[in-house]
Amino acid sequence: MLSIIVPIYNVENYLPKCIDGLLKQTYSDMEIILIDDGSTDGCGEICDKYKEKDNRIKVVHKENGGLVSAWTRGVNESQGEYIGFVDSDDYCDNDYFYKLMTAVLENKADIGIGGYVEEGKSGKQIHATGSTVLKHGVYENDELEKIKNDFFKQPRLLYYARWLRVIKKELITDNLFLVDYGIKVGEDVGIALATLFDAKKIVLVPTIGYHYVWRGTSLLHGFSETEIENYTKLCANIEKICKCKGYENLLHREFAAQMTLVISKILSSNLSAQDKISYLKQFRENEYVKTVYDKKDYGKCSWKRKLVLKLFKRRNYKILQLLPVK
């Protein structure tokens, strides 16, 4: 059985489309677990109405505890051998989970990973698993070990997105101790990365049936005052996972990648120039930022990113603000 977990919080305008897409899935051996994380809008009522229509749906109402607490509650409530995740403001094509589960079961894989369509203000953008770097198919033994050792060079969807894969449940439950409930942005790394490291066989599936709906209100896309604190927690979590699994040599290039994202959010925010410089100065003193520059390990990145990192290292904050950083 496949358990599909949907963490929900105040998305009443998106939720019906999400649930409708799951009920239309052509893969039949599944349960749908809706975790209402203390929503204050109509999400709770919507969940209950859908539960009355279909006995595959299980609804859990809980006090608000954040995204991680919601999906981990779903894991604890699940009965399936495999688990899939869908965010409540996204939706899936009807055959998405059929394709993933067919590939996983036929190949006896621990994880199946698909691609997605990003739907945002600039239209639709396709992100497929197959690329010139990594082809569709089954990976195990030496080929899989190469992926693990090079994972920060691979497309980010391979190791970050919780919602782009089906995962054998025991891999998740075995690694829940590595999940940090305090991370607000990038929290998927706690489970997606740890389970990838433990997997013996994965399959990259040529399907792009997941639709990620971009919302400007998402923490992922905007700057908040807790950004630097979150960066510290995220890097600490990555460090903990890599050391636990024996891949600590990979750490600093990901610290650099996440660092660039924080710099970009600061520079593209609506803050005044003076406030931007204040946050950049504060961020430059972060312990993990200093580690990146001490190790001089930026990983594979574009010349634009290298320029940003060099200017930031030299504290050229005024020049940084002149760059079209995204």
Distance-only, no hydrogens or angles: does the Glu229 side chain make a donor-acceptor pair with backbone N or O of Ile183 under 3.5 Å? no
So, do Lys146 and Tyr139 sit near enough that their side-chain heavy atoms are less than 4.5 Å apart? no
For Glu170, the salt bridge (Lys or Arg N to Asp or Glu O under 4.0 Å) test, sequence neighbours excluded, returns none
Between OG of Ser88 and NZ of Lys17, what distance do you get to the nearest 0.5 Å? 14.0 Å
Using 30° and 60° as the class boundaries, would you call the ring planes of Tyr293 and Phe312 parallel, tilted or perpendicular? tilted
Residues passing the salt bridge (Lys or Arg N to Asp or Glu O under 4.0 Å) test with Asp95, sequence neighbours excluded, are Lys99
Which pairs pass salt bridge (charged side-chain N to carboxylate O under 4.0 Å, His left out) with one or both residues in residues 269-291, sequence neighbours excluded? Glu285-Lys290, Glu285-Arg315
Identified ring pair (Phe, Tyr, Trp, His ring centres under 6.0 Å) counterpart of Tyr116 within the set Tyr96, Tyr210, Trp163, Tyr91: Trp163
First locate atom CG of Asp29, then atom OG of Ser3, and finally report the distance between them rounded to the nearest 0.5 Å. 9.5 Å
Which distance, rounded to the nearest 0.5 Å, do you find between the CG of Asp93 and the NZ of Lys24? 11.0 Å
Can you pull the ring pair (Phe, Tyr, Trp, His ring centres under 6.0 Å) pairs that have at least one residue in residues 25-65, sequence neighbours excluded? none
Would you say the side-chain atoms of Arg56 pair up with the backbone N or O of Leu23, donor to acceptor, closer than 3.5 Å? yes
Please give me the minimum heavy-atom distance between Thr195 and Ile191, naming the atom from each residue. OG1-O, 2.7 Å
Nearest 0.5 Å please: distance from the CD1 atom of Ile147 over to the CG atom of Leu196. 7.5 Å
CD1-CG distance between Ile202 and Leu144, expressed to the nearest 0.5 angstrom: 5.5 Å
Determine yes or no for a side-chain-to-main-chain donor-acceptor pair under 3.5 angstrom, with Asp188 supplying the side chain and Arg162 the backbone. yes
Say whether Gln258 and Tyr288, considering side chains only, have a donor N or O and an acceptor N or O under 3.5 Å apart. no
Return each pair, listed once, that meets salt bridge (charged side-chain N to carboxylate O under 4.0 Å, His left out) where at least one residue sits in residues 199-208; pairs must be two or more places apart or across chains. Glu140-Lys201
For the side chain of Asp89 and the backbone of Tyr14, is there at least one donor-acceptor N/O pair under 3.5 Å apart? no
Please check if the number of heavy atoms outside Tyr98 that lie under 6.0 Å from its OH is greater than 12. no
Would you sort out whether Tyr181 and Thr72 count as a side chain to side chain donor-acceptor pair (under 3.5 Å), showing the intermediate values? CA-CA 10 Å; Tyr181 286 69; Thr72 53; 3.3 Å; yes
Indicate the atoms forming the closest heavy-atom contact of Ile111 with Ala199, along with that distance. CD1-CB, 3.9 Å
Could you measure the distance from the CG atom of Leu105 to the CG atom of Leu100? Nearest 0.5 Å is fine. 10.5 Å
Is the closest side-chain heavy-atom distance between Val104 and Val203 below 4.5 Å? yes
N/O donor-acceptor pair under 3.5 Å between Glu12 side chain and Asp41 backbone: no
Polar contact flag, side-chain donor to acceptor under 3.5 angstrom, Lys169-Ser78: yes
Taking the side chain as everything from C-beta on, heavy atoms only, tell me whether Glu227 gets closer than 4.5 Å to Ile266. no
Is there a donor-acceptor contact under 3.5 Å from the side chain of Asp87 to the main chain of Pro7? no
Looking at every non-hydrogen atom in both residues, tell me the closest pair between Phe97 and Cys92 and how far apart they are. CE1-SG, 4.0 Å
Residues which pass salt bridge (Lys or Arg N to Asp or Glu O under 4.0 Å) with Asp180, listed by chain and number, not counting sequence neighbours: none
Are the side chain of Asn107 and the backbone N or O of Ala103 linked by a donor-acceptor pair below 3.5 Å? yes
If only atom types and distance count, is the side chain of Asp90 paired as donor or acceptor with the main-chain N or O of Val213 below 3.5 Å? yes
Can a donor-acceptor pair be found, under 3.5 Å and without considering hydrogens, that links the side chain of Asp37 to the backbone of Gly66? yes
Between Phe85 and Trp71, what is the ring plane arrangement, given parallel below 30°, perpendicular above 60°, and tilted in between? perpendicular
Salt bridge flag under 4.0 Å for residues Glu45 and Lys49: no
Would you name the heavy atoms of Phe197 and Lys148 that are closest together and state the gap between them? O-NZ, 2.7 Å
Using a cut-off of 6.0 Å, state whether more than 12 heavy atoms not belonging to Lys318 lie near its atom NZ. no
